[in-house]
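One is the number of the first residue; the rest follow in order along the sequence. Computed from a prediction, not measured in an experiment: that's the story for all the values here.
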Amino acid sequence: APIQISAEQILREAAERQEQHILDPIVKIHDAEEYQSHLRDRRKHFEDNIRYRREHIGNWVKYARFEEDNREFERARSVFERALEVDVRN
């Protein structure tokens, strides 16, 4: 006899197999020098991601949004312009 699986069971198993979304730890910054160091480290992380998968437009968008969130609008614009050089269609 064929085995019947309920939709509930399929959804439960799919949820169990999904990767857990890991949030970045909250960084407590105490002074301007520490803040600049944090920005430098994050930018290096984004640039490494872009070097690894240059054509992945999501990396570019995350990087530009990071700059926007930190009120670095000129940098954000530069990131978007660089992304357009890679793939004008997106």
(request) Using atom types as modelled and distance alone, determine if a side-chain donor or acceptor of W60 lies under 3.5 Å from a backbone N or O of E55. (result) no
Straight-line distance of [X] [atom1] to [Y] [atom2], nearest 0.5 Å:
| X | Y | atom1 | atom2 | answer |
| --- | --- | --- | --- | --- |
| K62 | R65 | NZ | CZ | 11.0 Å |
| E72 | L39 | CD | CG | 6.5 Å |
| N70 | R42 | CG | CZ | 9.0 Å |
| K44 | R40 | NZ | CZ | 11.5 Å |
| Y63 | I50 | OH | CD1 | 6.5 Å |

(message) Tell me if the CD atom of E33 is crowded by more than 12 foreign heavy atoms within 6.0 Å.
(response) no
(message) For E13, is the CD atom crowded, meaning more than 12 foreign heavy atoms sit under 6.0 Å from it?
(response) yes
(request) List the atom of A64, the atom of A76, and the distance in Å for their closest heavy-atom pair. (result) O-CB, 3.6 Å
(request) State whether R82 and E47 are salt-bridged, where the test is any N-O pair (Lys NZ or Arg NE/NH1/NH2 against Asp/Glu carboxylate O) under 4.0 Å. (result) yes
(request) Answer yes when E8 and R12 have at least one side-chain N-carboxylate O distance shorter than 4.0 Å, and no when they do not. (result) yes
(request) Go through R43 and E67 one step at a time and tell me if the salt bridge (Lys or Arg N to Asp or Glu O under 4.0 Å) criterion holds. (result) CA-CA 9 Å; R43 287 182 181 123; E67 294 295 1; 2.7 Å; yes
(message) For residues Y35 and F73: do they belong to one hydrophobic cluster (side chain heavy atoms under 4.5 Å, members Ile, Leu, Val, Met, Phe, Trp, Tyr)?
(response) no
(request) Please state whether the rings of H38 and F66 are parallel, tilted or perpendicular, taking 30° and 60° as the class boundaries. (result) perpendicular
(message) Taking salt bridge (Lys or Arg N to Asp or Glu O under 4.0 Å) as the definition, give me every residue that meets it alongside R51, ordered by chain and number, with sequence neighbours left out.
(response) D48
(request) List in chain and number order the residues that pass salt bridge (Lys or Arg N to Asp or Glu O under 4.0 Å) with E34, two or more places apart in sequence or in another chain; answer none if no residue qualifies. (result) none
